[in-house]
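Structure, as structure tokens:
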Amino acid sequence: MKTALCTAVSLTALALTSISVDAMSLRLGHGDKSTTFSDLSLVNGSPDNGICARRYADDFTVKKHPNSLAEQRSFTTYEGHEIKMPHVSGSLETGLYSVENEYIITFPDTTQINPVRFQLMATGTIGETQSTGVCSDATYRGLIAMTLMKKTQLQ
Amino acid sequence: MKKLLCAAASLGAIAYLSSMALADDHSLGTDNETVTFSDLTLADGTPDDGTCAKRYGTGYKTADHPDTSSKEAQKTTSEGHDIIISSTGGTIGDGILSIENEYEIIFPNDEHKETIDVKMFATGLIGSGTASGVFSDGTCRGKVTIQSAQQ
């Protein structure tokens with residue numbers, strides 16, 4: 001389950017490579033991206049009931065998947081997630097960027113059939129290898145950090 | 001929820017938040033926050049030549065402006081800044097929010113009283129009372145953290 005999220009975020013990375021709109025790879029750079037979550041809770045701030053941590057507690061690295069169709073904003077992960085990216089946006093200022101993306105994630109876990117809508121809002125400074133922000137899947141929320149790993153395959 | 005909304009509101013997202021019927025009118029105009037800066041460099045990422053440390057080396061704590069009735073659009077600080085919130089924007093998500101604001105700031109240690117346009121992108125967890133992100137004035141850039149004074 002946790003991988004689902006990773007996927008989502010990595011998609012941030014992946015997705016953005018071939019579309020001209022504001023994307024994480026465009027801002028953060030091309031390559032594998034390490035993603036970590038913290039301060040996980042329910043969306044109303046109540047303590048996690050355990051599921052949240054199961055989904056997002058572990059760090060993961062996003063990598064390019066050969067079956068992903070970036071030009072259609074449709075992505076497949078090695079863990080079996082199906083991810084679509086219905087909305088991407090962001091802003092660019094002198095030396096800065098912001099990203100606001102939305103993903104629809106279908107988890108490989110058959111006990112969870114319904115897709116989840118995942119929001120990502122992040123900021124960063126141009127030329128640096130880390131972007132930080134917040135994320136929510138409408139049930140759980142938290143802080144998120146994505147770090148570009150040097151010397152990995154271009155995506 | 002109120003605290004972070006207040007923080008966002010004082011940052012200038014007032015119109016937006018008020019329209020969501022989530023904000024407490026009573027607290028919107030009176031809430032203030034502590035703003036701190038870090039990782040200062042020139043806008044292209046090269047080391048600071050001193051300009052940025054002079055402007056942002058110390059943060060500030062906002063206060064309602066004494067000379068205006070539109071408290072939400074104009075602020076002063078305990079350090080002597082003069083701040084106009086010239087543009088606001090942002091998104092409220094499920095438990096998370098983003099802020100995109102633009103300010104016109106006159107810094108207290110600038111003898112020429114030059115107005116500096118500062119753009120800020122920040123994100124936060126609703127109710128946490130804290131938002132963090134990045135800022136740039138075209139010359140300097142860095143990280144910024146906003147803490148609600150009500151915390």
Side-chain angles (χ1 to χ4, degrees), chain A residues 8-9 12 22 24 27-29 37-48 52 56 87-103 116-146, chain B residues 1-5 8 13 22 37-48 52 56 87-103 116-146:
Chain A
V9 183
T12 327
D22 189 358
M24 192 60 75
R27 299 294 178 232
L28 195 55
F37 299 92
S38 58
D39 283 19
L40 296 165
S41 71
L42 300 183
V43 289
N44 64 4
S46 300
D48 175 27
C52 182
Y56 306 117
H87 178 77
V88 293
S89 70
S91 297
L92 190 60
E93 284 292 323
T94 308
L96 314 178
Y97 64 85
S98 69
V99 173
E100 294 193 8
N101 293 341
E102 192 173 309
Y103 307 87
V116 168
R117 184 174 65 101
F118 181 84
Q119 299 170 299
L120 170 71
M121 304 172 183
T123 65
T125 46
I126 292 168
E128 295 194 350
T129 56
Q130 187 174 65
S131 180
T132 60
V134 293
C135 62
S136 171
D137 64 9
T139 305
Y140 306 104
R141 71 174 189 188
L143 305 181
I144 186 169
M146 290 146 286
Chain B
M1 176 160 303
K2 190 169 100 177
K3 287 180 182 173
L4 191 1
L5 288 176
L22 288 171
F37 304 98
S38 62
D39 293 7
L40 298 171
T41 68
L42 297 182
D44 62 2
T46 55
D48 177 24
C52 307
Y56 304 103
S87 173
T88 70
T91 303
I92 301 288
D94 293 310
I96 59 178
L97 62 78
S98 70
I99 301 165
E100 294 195 7
N101 282 354
E102 195 164 347
Y103 307 90
I116 307 296
D117 292 329
V118 179
K119 183 83 179 185
M120 183 192 72
F121 301 141
T123 61
L125 302 176
I126 291 174
S128 71
T130 300
S132 60
V134 292
F135 79 95
S136 172
D137 63 14
T139 302
C140 302
R141 75 176 189 190
K143 306 276 170 46
V144 60
T145 299
I146 304 104

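Order of the sequence lines sets the chain letters (A, B, ...), proteins ahead of strands, with each chain counted from 1.
- Nearest heavy atom pair, residue V134(A) against residue I96(B), reads CG2-CB, 3.6 Å.
- Between the side chains of E93(A) and S136(B), no donor-acceptor pair is found at a separation under 3.5 Å.
- The distance from the CD atom of E128(A) to the CZ atom of R141(B) is 5.5 Å, given to the nearest 0.5 Å.
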Stepwise side chain to side chain contact (heavy atoms under 4.5 Å, CB included) check, T91(B) with Q119(A): CA-CA 11 Å; T91(B) 303; Q119(A) 299 170 299; 5.5 Å; no
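- Ranking C140(B), G45(B), G93(B), G142(B) against chain A, the residue ahead of the rest is G93(B), based on heavy-atom pairs under 4.5 Å.
- Closest approach of L96(A) to K119(B), counting heavy atoms only: CD1-O, 3.8 Å.
- Highest contact tally toward chain B, considering only T94(A), T132(A), L143(A), T139(A), is held by T94(A) [criterion: heavy-atom pairs under 4.5 Å].
- Chain A forms the most heavy-atom pairs under 4.5 Å with one residue out of L42(B), V134(B), T139(B), T41(B), and that residue is V134(B).
- Between the R141(A) side chain and the I126(B) main chain, a donor and an acceptor come within less than 3.5 Å of each other.
- The two atoms that bring T123(B) and G133(A) nearest to each other are OG1-CA, 3.3 Å, heavy atoms only.
- In this structure, the side chains of M120(B) and T123(A) stay at 4.5 Å or more apart for every pair of heavy atoms.
- Of all heavy-atom pairs between E100(B) and S91(A), the closest is OE1-OG, 3.0 Å.
- Atom-to-atom distance recorded for C135(A):SG and L125(B):CG is 8.5 Å, nearest 0.5 angstrom.
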